[in-house]
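Remember, it's a predicted structure, so these values are computed and weren't measured experimentally. In what follows, chains are A, B, ... by sequence order, proteins preceding strands, each numbered from 1.
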There are 2 protein chains.
Amino acid sequence: METENTKAPKNDPAGQAQMRKGVLEFCILCILSEKDAYPSEIIDAMKESKLIVVEGTLYPLLMRLKNEGRLAYEWKESTSGPPRKYYRLTPAGKDLLKELYASWSELVGSVEQIVKKYSSNIL
Amino acid sequence: METENTKAPKNDPAGQAQMRKGVLEFCILCILSEKDAYPSEIIDAMKESKLIVVEGTLYPLLMRLKNEGRLAYEWKESTSGPPRKYYRLTPAGKDLLKELYASWSELVGSVEQIVKKYSSNIL
DNA sequence: ATTTACTACTATGTATTGCAAGGTATTAAA
DNA sequence: TTTAATACCTTGCAATACATAGTAGTAAAT
């Protein structure tokens, strides 16, 4: 009897959305390690590296990191619109950044090893 | 008023579980591109590259890929136990492998760019 | 002064994946 | 017949990315 509890994905051509899970968090912490920034700035910085993030993704992520004590923020006035929430890394946030960097490096190492070892004919 | 709709993660020290989303699928297809294999073989191959996968993750994934037409399988006798399900890549599976490789390469490129550009003091 | 446009932040619901935990079934040996 | 080993399968939960929609402040135009 065939089990049919697994459906085809909806709108994720080549698993791009799934692959970036956990990576966005790392990238955001990277960007904030350079200087404080407000959400729209972060989105622009990610876009420059071809990592598209939308508000619906970024805001909950920042909120979660703040609740975990990894980030803090302060309101600052803007010359062209409503005030902005500038986020900055806390010491705990810097710790997380280091841990995520280690995890990322390890993951890349493992995957590259598998690619080289097993997949001799991808192209 | 503070919104408190985001809880701290449970048991994922440095986002390792989240980072591998979509990556396991890619690695499994890589391994199967070399030769047909049954689940335990795949788990062992992954383990050699320090990518731990458990049955509860692998079986649903293989099932899903089969339902999508990316994999096929055939039963084979074993000299030391019950018969095994040997999985192999279908043409559609090879296509997916190429796409996932492109996605992976792109992702690594983007993240590395951000790491180099923004995070000058991770260590 | 009211409307409009722009910027910025927030909330809700859905889809997908990884995993722990437990279960079923076949084979071979004690 | 029981036990151990191997192999496959299912269920329920946790977590993240995203689409979508909503709220609100500021500035410019009418």
**Asked** Which letters describe nucleotides 17-30 of chain D, given B = protein heavy atom under 4.0 Å from base, S = only from sugar-phosphate, - = neither?
**Response** SBBB----BS----
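- Listed pair Y59(B) / dC9(D) fails the phosphate criterion, with no side-chain N or O lying under 4.0 Å from OP1 or OP2.
- More than 12 heavy atoms of other residues, nucleotides or ligands sit less than 6.0 Å from atom NZ of K117(B).
- Counting heavy atoms from C-beta on, the side chains of L97(B) and L32(B) never come closer than 4.5 Å.
- Atom CE in M63(B) sits roughly 7 Å away from atom C1' in dC9(D) (whole-Å rounding).
- Regarding contacts with the backbone of dA7(D), a side-chain N or O of Y38(B) is found under 4.0 angstrom from either OP1 or OP2.
- A heavy-atom distance below 4.5 Å is found between the side chains of V115(B) and F26(A).
- Rounded to whole Å, atom C1' of dC9(C) lies 17 Å from atom NZ of K76(A).
- Between the CD1 atom of I28(B) and the C1' atom of dC19(C) there is a distance of 13 Å, rounded to whole Å.
- In summary, R84(B) and E77(B) do not engage in a salt bridge, as defined by a charged side-chain N under 4.0 Å from a carboxylate O.
- For DNA chain C, no neighbouring residue in residues 39-51 of chain B is found when judged by any heavy atom under 4.0 Å.
- Summarising the geometry, the separation between CE on M19(B) and C1' on dA14(D) is reported as 18 Å, rounded to the nearest angstrom.
- Between the side chains of W104(B) and E112(A), at least one donor N or O sits under 3.5 Å from an acceptor N or O.
- Counting to the nearest Å, the P atom of dT16(D) and the CG atom of L58(A) are 14 Å from each other.
- Put simply, CG on L100(B) is 11 Å from P on dT17(C), counting in whole angstrom units.
- For the ring pair (Phe, Tyr, Trp, His ring centres under 6.0 Å) condition, no pair includes a residue of residues 40-59 of chain B, sequence neighbours left out.
- A cation-pi arrangement is present between K85(A) and Y73(A) under the rule of less than 6.0 angstrom and at most 45 degrees off the ring axis.
- Side-chain contact between V111(B) and C27(A) is present, with at least one heavy-atom pair separated by less than 4.5 Å.
- Atom pair L107(A):CG and dT17(C):P shows a separation of 17 Å (rounding to whole Å applied).
- Look at CD on Q18(A): it is 15 Å from C1' on dC19(C), rounded to the nearest Å.
- Just one residue in the list K47(B), K35(B), K76(B) forms a salt bridge (Lys or Arg N to Asp or Glu O under 4.0 Å) with E41(B), and that residue is K35(B).
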